[in-house]
Structures are given as C-alpha cells and as structure tokens.
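Here, residue 1 is the first one in the sequence, and each next residue gets the next number.
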Amino acid sequence: YRCEERVLRMILADAVARAKVIGMHLKRDFRYIKSRVLGRDLLEPEYRRIYSLMCNDARQSRQSSKFWLQIFRAMEKELLCTGLRDFKRQMWNSYFSSKSPSKAMFFSAMWQYYNHVKKKDKLNLLDTLAEPSLGNPELFEIDGRKLTMDLLQSIDEFYAITAFAKIKQNESIVICEVGGGYGRLAYVFLQAMPNVHYVFVDLPQSLIVAYYYLSHLYRKEIHTYDV
C-alpha cells in the first residue's frame, strides 16, 4: 500500500510539474501573439538591430538541426515578448542551467556542491566574485554568501578548464567558447584572469543575450558585434 501511495504521489507531482510547464508556454505564446498583433516587442531598438544582423549572418553561414531550431524559435518568442532585463529568470536559462534551490533535498545537494567547489577555490573566487544583478538573478545564501547556481557552476568549470589545460592566472591567452549561453563562464574568466581575451560564439538567440550582458559589464573592453 505504501509503495502504491508513493507511486501515485510521484505521478501526481509529475503531472503538476508538466501542467506548470504547459501553462508557462501558453502564457509566453499569448504574450508573443499579442506583441505581434500590436506590432511591437520588448527588445530595445539597439538590440533589435543587432539581433537582426546576427540572424541574417547566421542564415548565410550555418544550418541548424531541427532540435536546435525548435529550441531557438521558442527562445526568440521569449525574447520578443519579455525582453532582456530579466533574462536570468526566463525559463530558457533554467532549461540550460538550473533553477534556484527551493526544496530541502536540492538545497542540501547545493550545499555539498558548494563545499566541493570551495575545496578547489585557490583564488578565493567564492569570496571575491559576486553574481551581477544584471538579468535579475535568483539568489540563495550559503555560508553567508549570496550565490546563484550559475556562478557556482562557472567557478567549478573555470577550475576544471584551467587545470586540464594547465593555464596560469596571469597568462595572456585567447579563449574561444562555443555555445556559451548568456556569458556566465566568460564573466568568471574575465574577472579571474586579467590578461585573457575571450571570443564568444553561439546562435543568435543566445548571442544577443550575451551581447547585452557582457557589453553592459565590460562596455569599453568588449568588441561589439557589428565592428
């Protein structure tokens, strides 16, 4: 009986989660249709121009698979009907990354992950780096620090990459990241390594978010897309 009850609870929880996702998609589609009917979207003119340029260049240089086409069409809808200001809370950020902890078991896992990263944190990045407020991130607190899952993952990945490639902190190198999302890993590299040059490659629907994010954080230090 207890086993059957647990199975039913799992099925119900899964059904509720699926219903929430369907609801999010319906709301997004409604906002997108509304923006199309009214003839306006929430992308500011500067970023609308750059995004159009990116899309035109992409059509001439690559052909995406059906899988990626479906994902990025949905991402485009999200961009046009919600804009860029809250991109860290948009559903597509959690699709490729992770939602902030809300349940005890998940928070416990994050605590273990935090301690795993802390053991390898020779540069004290957990103490010196803060999650930028740009994009309206969801923060959680561990050991008195305000963190996001994105920042925790990026610091972990930074140490894994530099250890594997034997890269020193003050080394002058060029890093090319393919499929970098909105630039979370780029942010850690640019903050931790003063002499690094970072080349960012992605499809337009992600690249416009990275352009928005990194150009705000580094302004004069970044080469804009249309240079």
*How many angstroms lie between CD in Gln205 and SG in Cys55, if you round to the nearest 0.5 Å?*
5.5 Å
Smallest separation among heavy atoms of [X] and [Y], with atom names:
X	Y	answer
Ala186	Glu177	N-OE1, 4.1 Å
Asp202	Gly180	OD2-N, 3.2 Å
Tyr47	Ser215	OH-OG, 4.5 Å
Gly183	Ala210	N-CB, 4.4 Å
Phe87	Leu84	CD2-O, 3.0 Å
Leu151	Ala130	CD2-C, 4.2 Å

*Report the relative orientation of the aromatic rings in Tyr113 and His116; use parallel for angles under 30°, tilted for 30 to 60°, perpendicular for over 60°.*
parallel
*asked:* Would the distance check show the side chain of Asp156 and the main-chain N or O of Val117 forming a donor-acceptor pair, the cut-off being under 3.5 Å?
replied: no
*Side chain of Asp121, backbone of Leu126: donor and acceptor closer than 3.5 Å?*
yes
*Could you walk me through whether Glu131 and Tyr187 pass the side-chain hydrogen bond (donor to acceptor under 3.5 Å, both in side chains) check?*
CA-CA 9 Å; Glu131 177 70 36; Tyr187 166 72; over 6 Å; no
_Side chains of Gln191 and Tyr218 in contact at under 4.5 Å (non-hydrogen atoms)_ = yes
Indicate if [X] and [Y] have the same hydrophobic cluster label, given that clusters are the connected sets of ILVMFWY residues with side-chain heavy-atom separations under 4.5 angstrom.
X	Y	result
Leu185	Phe164	no
Ile173	Leu214	yes
Trp111	Leu125	yes

*Leu217 and Leu190: CA distance, side-chain angles, deciding distance, side-chain contact (heavy atoms from CB on, under 4.5 Å) verdict*: CA-CA 10 Å; Leu217 294 180; Leu190 291 168; over 6 Å; no
*Criterion side-chain contact (heavy atoms from CB on, under 4.5 Å) on Met54 and Ile50, from CA distance to verdict*: CA-CA 6 Å; Met54 291 175 177; Ile50 294 295; 3.5 Å; yes
Go through the side-chain N and O atoms of [X] and [Y] and say whether any donor and acceptor fall under 3.5 Å apart.
X	Y	value
Tyr212	Glu46	no
Lys88	Tyr213	yes
Tyr51	Glu76	yes

*Derivation and outcome, side-chain contact (heavy atoms from CB on, under 4.5 Å), residues Thr148 and Leu139*: CA-CA 5 Å; Thr148 64; Leu139 300 170; 3.5 Å; yes
*Checking side-chain contact (heavy atoms from CB on, under 4.5 Å) for the pair Gln169/Thr162: CA distance, chi angles, key distance, verdict?*
CA-CA 8 Å; Gln169 184 184 14; Thr162 52; over 6 Å; no
